[in-house]
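Heavy-atom basis, side chains included; hydrogens, waters and symmetry copies ignored.
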Amino acid sequence: MIRVLLFAELEERAGKRELELNSNEMSVAAIRDWVKDNYPDAAGIDRAMAAVNEDYAEESTLVHADDIIAFIPPVSGG
């Protein structure tokens with residue numbers, strides 16, 4: 001199982017902070033697509049940075065069972 005964490009506006013739009021994916025291996029891009037397909041209100045995930053096990057990750061990075069992937073939306077400020 002892969003744990004998916006959503007932060008800030010993504011959490012609000014999906015209505016959940018944590019999701020679980022029953023998969024042994026998926027790329028960051030595939031997980032992003034899965035979130036968009038299953039939580040259409042979280043469409044802002046396209047702009048979010050991804051981190052796997054607390055390290056920023058590329059779209060091609062593979063995420064394995066028992067890993068944690070977090071999607072962190074951009075932060076604006078002055």
Side-chain angles (χ1 to χ4, degrees):
M1 175 176 16
I2 297 170
R3 291 175 53 205
V4 181
L5 301 180
L6 304 174
F7 292 97
E9 68 183 63
L10 296 175
E11 177 183 358
E12 293 172 15
R13 290 180 180 176
K16 296 181 178 183
R17 182 181 188 116
E18 184 172 330
L19 310 172
E20 295 179 347
L21 251 167
N22 286 323
S23 177
N24 289 326
E25 183 179 277
M26 291 178 76
S27 69
V28 168
I31 294 171
R32 191 184 301 270
D33 288 342
W34 180 86
V35 172
K36 287 191 296 189
D37 290 345
N38 289 280
Y39 298 90
D41 291 339
I45 198 167
D46 286 330
R47 295 175 290 137
M49 296 289 297
V52 177
N53 298 328
E54 300 184 9
D55 290 324
Y56 286 111
E58 302 291 329
E59 292 298 294
S60 61
T61 300
L62 292 177
V63 184
H64 302 93
D66 298 326
D67 285 347
I68 298 172
I69 179 169
F71 289 102
I72 307 148
V75 177
S76 62

TODO: Group every Ile, Leu, Val, Met, Phe, Trp and Tyr by side-chain heavy-atom contacts under 4.5 Å, then state whether M49 and L5 land in the same group.
DONE: yes

TODO: Nearest 0.5 Å please: distance from the CG atom of L19 over to the CE atom of M1.
DONE: 12.0 Å

- [ ] May I ask whether Y39 and F7 are part of the same hydrophobic cluster, defined by side-chain heavy atoms of I, L, V, M, F, W, Y residues being less than 4.5 angstrom apart, directly or through others?
- [x] no

Open item on the list: Looking at E59 and R32, is there a salt bridge between them, counting it only when a charged N and a carboxylate O are closer than 4.0 Å?
Closed with: yes

Task: Heavy-atom side-chain contact between M26 and L21 under 4.5 Å - done: yes

- [ ] Could you tell me the separation between the CD atom of E18 and the CG atom of L6, rounded to the nearest 0.5 Å?
- [x] 9.5 Å

Open item on the list: On a heavy-atom basis, which atom in V52 and which in A57 lie closest, and how many Å separate them?
Closed with: CG2-CB, 3.7 Å

Task: Closest non-hydrogen atom pair between A42 and V35, with its separation - done: CB-CG1, 4.3 Å

TODO: May I have the step-by-step check of salt bridge (charged side-chain N to carboxylate O under 4.0 Å, His left out) for K16 and E11, ending in yes or no?
DONE: CA-CA 5 Å; K16 296 181 178 183; E11 177 183 358; over 6 Å; no

What donor-acceptor contacts under 3.5 angstrom involve side-chain atoms of residues 63-75, with partners at least two apart or in another chain?
from: H64; atom 1: NE2; to: E25; atom 2: OE1; distance (Å): 3.1
from: D67; atom 1: OD1; to: N53; atom 2: ND2; distance (Å): 2.9
from: D67; atom 1: OD2; to: H64; atom 2: N; distance (Å): 2.8

- [ ] Mark yes or no for whether R17, through its side chain, and A8, through its backbone, hold a donor-acceptor pair below 3.5 Å.
- [x] no

